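This report refers to the structure that appears directly beneath it.
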There are 2 protein chains.
Amino acid sequence: MASEDSVTETVSFLLGKLGQHANTRFADRLAPLGLRPRHCAVLELLAGGPRAQLELARAIGVTASVVVDMLDELERLDAVRRVRDAADRRRQLIELTAAGRDLRRRTLELARQNDDELLGMLGEAEAAALRRALDRIAGAAGLTFGEAP
Amino acid sequence: MASEDSVTETVSFLLGKLGQHANTRFADRLAPLGLRPRHCAVLELLAGGPRAQLELARAIGVTASVVVDMLDELERLDAVRRVRDAADRRRQLIELTAAGRDLRRRTLELARQNDDELLGMLGEAEAAALRRALDRIAGAAGLTFGEAP
DNA sequence: TATTGTTATACTCTATAACTATA
DNA sequence: TATAGTTATAGAGTATAACAATA
């Protein structure tokens, strides 16, 4: 099944390198907005409704302190609000502001631009096949973002 | 061409996340050998013959001090030798030892195992298509490893 | 002066552990 | 006791800048 004769030709290696590259390019585009790629999953999740911080952490697969940091940054941009949960005063429900929704819309635009640049040399069918393959691998690896744990 | 309605569905975002995941899994497999994914490109390049350190740096796209660090580690494993170039005494020619060649062979085995795990749920045709697409994107992005700059 | 390799330093990203306030 | 959030700290990984030896 795998017939490469050098490590640098394997999917394992290529995916790692390309992932880093795609991320850096995407980060460059996001920079003027004051965001980095990691914020996107948070904005995306919150677009579906308010969530507690630990919920966010589990859903996007990072540790709690990282979420605190990201939310501090998003709050400074007026993109989110922390609202103390009346029913359980330990929890904060995080909700997207109008500015946050606008920001999310712009990140999507930039991600699409980035996709176009990244996939420019592929035909439409090849690009679609790549997207499907990545989706299936991500699913099998348990990397889901929009859904509950 | 790009019709996703959330950032987390774009190739830009997915590739970044999957790249990180693939890299971590590969790193886990390499750990018992005392290596990390970044060493693989060096071993691969040196398999083609001795190289100077700055040549390596340019070829694999990292800064000079990173190469120094990686070679220190590889030297501790007796995988490479630094040989002062007689013609230009500033340069060190890095050559693979027998142990280094053996190590390289084993990294290839592990990378193939990792590919099999990663691509397990894909059909053979889909896996091949993915490989081709990644190759083309890497080529267009100027991410080449086996060849001279 | 310019280049090769080295060291020292800093920055990003993430994780772990200790702490607080609530439950 | 246990949980939600916070802070402090530490560890990878990489980059920049200053330096030594050589050209």
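Since this is a predicted model, take the numbers as computed values, not measurements. Residue numbers begin at 1 in each chain, while the letters A, B, ... track the order of the sequences.
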Contacts of V66(A) and L71(B) projected onto DNA chain C by closest heavy atom; the upstream (5') one is L71(B)
Identify, between I94(A) and Q20(A), the residue whose nearest nucleotide on DNA chain D lies closer to the 5' end. I94(A)
Hey, is the side chain of R58(A) poking within less than 4.0 Å of OP1 or OP2 on dA4(D), counting only N and O atoms? yes
Rounded to the nearest 0.5 Å, what's the gap from CD on E126(A) to CD1 on I137(B)? Could you check? 9.5 Å
Range on DNA chain C touched by chain A, heavy atoms, distance below 4.0 Å: dC13(C) to dA23(C)
Look at R82(A) and dG5(D) and indicate whether a side-chain polar atom (N or O) is within less than 4.0 Å of OP1 or OP2. no
Please report, rounded to the nearest Å, how far the C1' atom of dG13(D) is from the NZ atom of K17(A). 11 Å
For R82(A) and Q53(A), run side chain to side chain donor-acceptor pair (under 3.5 Å): C-alpha distance rounded to whole Å, both residues' side-chain angles, the deciding distance at 0.1 Å, then the answer. CA-CA 9 Å; R82(A) 283 169 157 109; Q53(A) 298 191 188; 3.1 Å; yes
Between S12(B) and A111(A) the two heavy atoms that sit nearest each other are OG-O, 3.4 Å
Rounded to whole Å, CE of M70(A) lies from P of dG5(D) at a distance of 13 Å
First of L93(A) and D69(B) reached from the 5' end of DNA chain D, by closest nucleotide: L93(A)
The contact string for nucleotides 17-23 of chain D, one letter per nucleotide 5' to 3', using protein heavy atoms under 4.0 Å with B, S and - for base, sugar-phosphate only and none, comes out as -----BS
Please output the side-chain donor-acceptor pairs of residues 40-47 of chain A that fall under 3.5 Å, not counting sequence neighbours, one pair per line with the distance.
unit_1, atom_1, unit_2, atom_2, d
E44(A), OE1, V7(B), N, 3.0
E44(A), OE2, R104(A), NE, 2.7
E44(A), OE2, R104(A), NH2, 2.4

What verdict does the side chain to side chain contact (heavy atoms under 4.5 Å, CB included) test give for D5(A) and E9(A), after you've listed the backbone C-alpha separation in whole Å, the side-chain angles of each residue and the deciding distance to 0.1 Å? CA-CA 7 Å; D5(A) 57 354; E9(A) 290 169 19; 3.5 Å; yes
Hey, are R25(B) and D115(B) close enough for a salt bridge, meaning a charged N less than 4.0 Å from a carboxylate O? no
In whole angstrom, give the distance that lies between atom CG of L30(B) and atom P of dA12(D). 16 Å
Short question: side chain of R84(A), backbone of R90(A) - any donor-acceptor pair under 3.5 Å? yes
Counting only N and O atoms by type, is there a donor-acceptor contact under 3.5 Å from the side chain of T97(B) to the main-chain atoms of A79(B)? yes
So, E55(A) side chain and A52(A) main chain: donor-acceptor pair closer than 3.5 Å or not? yes
What integer distance in Å separates R91(A):CZ from dT3(D):C1'? 11 Å
Taken to the nearest whole Å, NE2/H39(B) to C1'/dA12(D) is 12 Å
